[in-house]
Every structure is written in structure tokens, then in C-alpha cells.
Amino acid sequence: MRNLLNFLLKYNYWLLFILLEVVSFTLLFRFNNYQGSVFFTSANYVSGIVCDAVSNVTSYFGLRQVNRNLVQQNVKLELELERLNEALKGYVRDTTEIAKMKQDVLRNYFIYPARVVNNSLTRADNYITINKGSADSIRPEMGVIDGNGVVGIVYQTSSHYSIVLPVLNSKSSISCKIHRTDYFGSLKWDGGSSQYAWVQDIPRHSEFTLGDTVVTSGHSSVFPEGIPVGVVDDMGDSNDGLSYRLKVRLFTDFARLSDVCVIRFHGQNEQAELEDNVLTKLK
């Protein structure tokens with residue numbers, strides 16, 4: 001209380017001046033039509049600017065949810081398009097059957113949207129953390145993609161988070177193929193730029209050209225066939241000279257990775273269990 005009184009006594013002239021100014025402007029704008037109209041016009045103009053700025057800020061922060069929805073929708077469209085293309089290669093159907101096929105495509109897949117909360121690019125073994133885990137039905141060996149293409153494979157989960165083994169990891173190996181000719185190999189990352197990886201073990205007699213699209217082959221229980229990976233940017237020989245190594249420019253921009261989708265098709269567990277049993281018996 002003493003400090004408040006000292007403050008009022010110290011600045012009493014300034015406080016009196018401010019009070020008189022407020023009273024003067026109130027009388028001026030209240031009892032003079034012209035000054036009053038100018039004041040309210042200016043006030044409305046300033047208020048409009050402030051509201052517009054607030055609206056822009058609110059819209060900006062709302063873009064994250066819009067982006068998540070777009071990523072999920074893009075994933076569904078990619079799966080739908082690939083299944084339709086494959087089905088139409090071998091069959092000629094009427095429009096009614098095609099419409100029914102389109103509705104049935106996504107019934108084979110579970111899609112779980114998630115957000116990247118941690119990411120690394122500069123290590124030999126990079127990892128990604130997403131904000132969904134076992135409580136959200138996420139399990140190891142499920143594929144992870146974004147709106148552009150393949151991201152990686154779920155490696156380990158807790159209740160509410162999961163670690164993803166991305167393409168940018170020396171231990172990652174994803175079965176891929178050249179979309180145009182169906183020759184397949186394994187996608188590996190040798191370090192260096194996060195924009196490129198290599199498809200290894202492409203046969204010497206295979207057909208491909210620079211610019212060909214590389215997609216997942218569907219030869220595993222993790223990724224279905226046809227998920228985009230990248231385009232062939234360069235080529236070279238393998239160490240033993242018996243196959244080609246294709247340098248692939250990845251569709252996924254790992255430096256800007258934010259929203260992803262974890263995918264699983266209905267028969268994944270059954271296929272993985274059968275393959276594991278066979279491998280165990282062969283050892």
C-alpha cells in the first residue's frame with residue numbers, strides 16, 4: 001500500500017494530465033458529430049485490421065489438421081488407384097462391376113493417421129518417432145507412408161508412441177519394382193543425401209530407363225503392391241557385376257516429414273506367420 005501511495009504522489013501530475021486528456025477526448029467525440037464519426041470510422045478500420053490478422057493466424061494454425069486430412073485421403077486414393085489398375089489389366093468389366101470394385105478396394109486395408117514427433121536425417125541409422133502406439137492398434141512390421149510415398153516400417157511400439165525404421169536407415173530393406181516392367185529388387189540406403197536411395201539386385205537382362213517410377217513390389221507382408229517410392233535417377237553395376245544398382249530419387253521429403261499414415265492389410269498377420277514358420281524350418 002505504501003508503495004502505491006508513493007507511486008501516486010510521485011506521478012500525480014502525469015496521472016492528472018492523462019485523466020484530463022481522457023475527459024477532453026470523451027467530450028470531443030461525444031458531443032461533436034463530425035469528430036465522433038471520424039473516431040468510429042477509424043476505430044472500425046483498426047478493428048477490421050486486427051480481426052483480419054487474428055483470422056489469418058487462426059487459419060494458419062488450422063492448416064495442420066487440413067494437411068493431416070489431405071495426407072490420409074491421398075493414401076487412400078493411391079491404394080485405390082493401384083488396385084483398380086491391377087484389376088483392370090486382366091479383366092474387361094461393365095461400369096456397374098467397376099463401381100463395386102472401387103468400393104471394395106479399401107476394405108482390405110486399415111489406415112491409421114499419425115504425426116511425426118521426432119526425426120533424424122544425418123545418422124547412418126536414422127529413426128522416426130510417431131505419436132501413435134499399441135493403444136492405437138499400431139504393431140511392429142506395419143508399413144508407414146505419407147502423401148508422397150514410402151516412409152518406413154514400424155520397428156517398436158509403446159502404448160502411445162512408435163519407433164519407425166525409415167528408408168534412411170542402413171538396416172532398412174524394402175522390396176520394390178520398376179512399375180513399367182515389373183523387375184524387382186531391394187531398396188537400400190547407403191548414407192549421404194536424404195533424397196536418394198538405391199534399388200539393388202536388378203537383373204542384367206531387366207528393362208528400365210531413367211525416369212521410370214519405382215513402387216513397392218508387394219512381395220512382403222508389410223507393404224501392398226504399388227506404393228510410390230521414387231524415380232530412377234541414375235544406374236551402376238553391383239560389386240560383383242552380376243546385377244544393376246539403380247539410384248532412386250525418393251518421392252518422400254524426409255526433411256519436411258510431418259503427417260504420415262500407418263497401413264496394414266487384413267491378411268498381413270497370417271502371411272507373416274506362414275513365412276516365419278517356413279524360414280524357421282529352413283534354418
Side-chain angles (χ1 to χ4, degrees), residues 70-93 98 101-102 104-109 111 141-153 165-169 172-190 193-238 242-254 257 260-265 267-268 271:
L70 288 175
V71 168
Q72 186 173 0
Q73 186 65 26
N74 197 32
V75 168
K76 291 181 179 179
L77 290 175
E78 286 177 358
L79 294 172
E80 179 182 297
L81 178 61
E82 184 60 30
R83 298 282 77 76
L84 287 173
N85 287 337
E86 290 299 321
L88 289 173
K89 284 181 181 179
Y91 300 95
V92 178
R93 302 177 182 270
I98 292 176
M101 184 186 354
K102 182 177 179 180
D104 292 341
V105 166
L106 292 177
R107 293 180 184 176
N108 294 326
Y109 298 92
I111 300 177
E141 299 299 317
M142 295 174 69
V144 181
I145 62 180
D146 73 346
N148 297 311
V150 170
V151 173
I153 300 172
L165 194 73
V167 172
L168 307 182
N169 189 298
S172 173
S173 180
I174 298 174
S175 180
C176 298
K177 69 176 182 177
I178 301 170
H179 188 266
R180 183 175 59 86
T181 61
D182 286 340
Y183 288 101
F184 62 90
S186 299
L187 184 72
K188 300 283 291 183
W189 186 65
D190 294 341
S193 173
S194 63
Q195 296 179 317
Y196 296 94
W198 292 86
V199 177
Q200 301 179 347
D201 303 324
I202 296 292
R204 300 291 294 187
H205 63 274
S206 62
E207 300 176 4
F208 61 87
T209 59
L210 299 183
D212 275 348
T213 301
V214 177
V215 299
T216 53
S217 66
H219 295 169
S220 73
S221 61
V222 179
F223 290 104
E225 181 183 358
I227 301 297
V229 174
V231 294
V232 178
D233 190 72
D234 200 358
M235 61 166 288
D237 291 324
S238 63
L242 299 178
S243 60
Y244 290 120
R245 296 176 73 241
L246 304 184
K247 186 177 183 180
V248 176
R249 179 164 50 84
L250 301 172
F251 288 137
T252 299
D253 187 352
F254 287 89
L257 199 60
V260 298
C261 285
V262 183
I263 60 173
R264 177 172 66 88
F265 62 95
Q268 180 174 356
Q271 180 181 345

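In what follows, every heavy atom counts, from backbone to side chain, and hydrogens, waters and symmetry copies are set aside. Residues take their numbers from the sequence shown, with the count starting at 1.
Distance OG/S220 to CD/E225: 11.0 Å, rounded to 0.5 Å. Atoms NE2 and CD1, from H219 and I174 in turn, are 14.5 Å apart once rounded to the nearest 0.5 Å. Here CD1 of I263 is found 8.5 Å from CE of M142. Values are rounded to the nearest 0.5 Å. For the atom pair CZ (F251) and CD1 (I145), the distance works out to 13.0 Å, reported to the nearest 0.5 Å. The CZ atom of F254 sits 7.5 Å away from the CG atom of D146 when rounded to the nearest 0.5 Å. Here T209 contributes atom OG1 and I178 contributes atom CD1; the two are 8.5 Å apart, rounded to the nearest 0.5 Å.
Annotation: F184, atom CZ; neighbour count of heavy atoms from other residues, nucleotides and ligands within 6.0 Å does not exceed 12.
The two atoms that bring V214 and C176 nearest to each other are CG1-CB, 3.7 Å, heavy atoms only. Listed here is the closest heavy atom pair of P228 and V215: CA-CG1, 4.1 Å. In this structure, S186 and S173 approach most closely via the heavy-atom pair CB-OG, 3.7 Å. Contact between Y183 and E207 at its shortest, heavy atoms only, is CE1-N, 3.3 Å.
I153 pairs in a side chain to side chain contact (heavy atoms under 4.5 Å, CB included) with only one of the listed residues (N169, V222, V144), which is V222.
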(request) Dump the intermediate steps for side chain to side chain contact (heavy atoms under 4.5 Å, CB included) on V151 and V167, then the final yes or no. (result) CA-CA 6 Å; V151 173; V167 172; over 6 Å; no
(request) For V150 and T216, run side chain to side chain contact (heavy atoms under 4.5 Å, CB included): C-alpha distance rounded to whole Å, both residues' side-chain angles, the deciding distance at 0.1 Å, then the answer. (result) CA-CA 8 Å; V150 170; T216 53; 3.6 Å; yes
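Listed by chain and residue number, nothing satisfies the salt bridge (charged side-chain N to carboxylate O under 4.0 Å, His left out) test with D253 (two or more places apart in sequence, or in another chain). In this view, R180 and D212 satisfy the salt bridge (charged side-chain N to carboxylate O under 4.0 Å, His left out) rule, not counting sequence neighbours.
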Using atom types as modelled, flag every donor-acceptor pair under 3.5 Å from a side chain in residues 194-206 to any protein atom, sequence neighbours excluded.
unit_1	atom_1	unit_2	atom_2	d
R204	NH1	D237	OD1	2.6
S206	OG	P203	O	2.7

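S238 contributes a side-chain N or O that, together with a main-chain N or O of S243, makes up a donor-acceptor pair within less than 3.5 Å.
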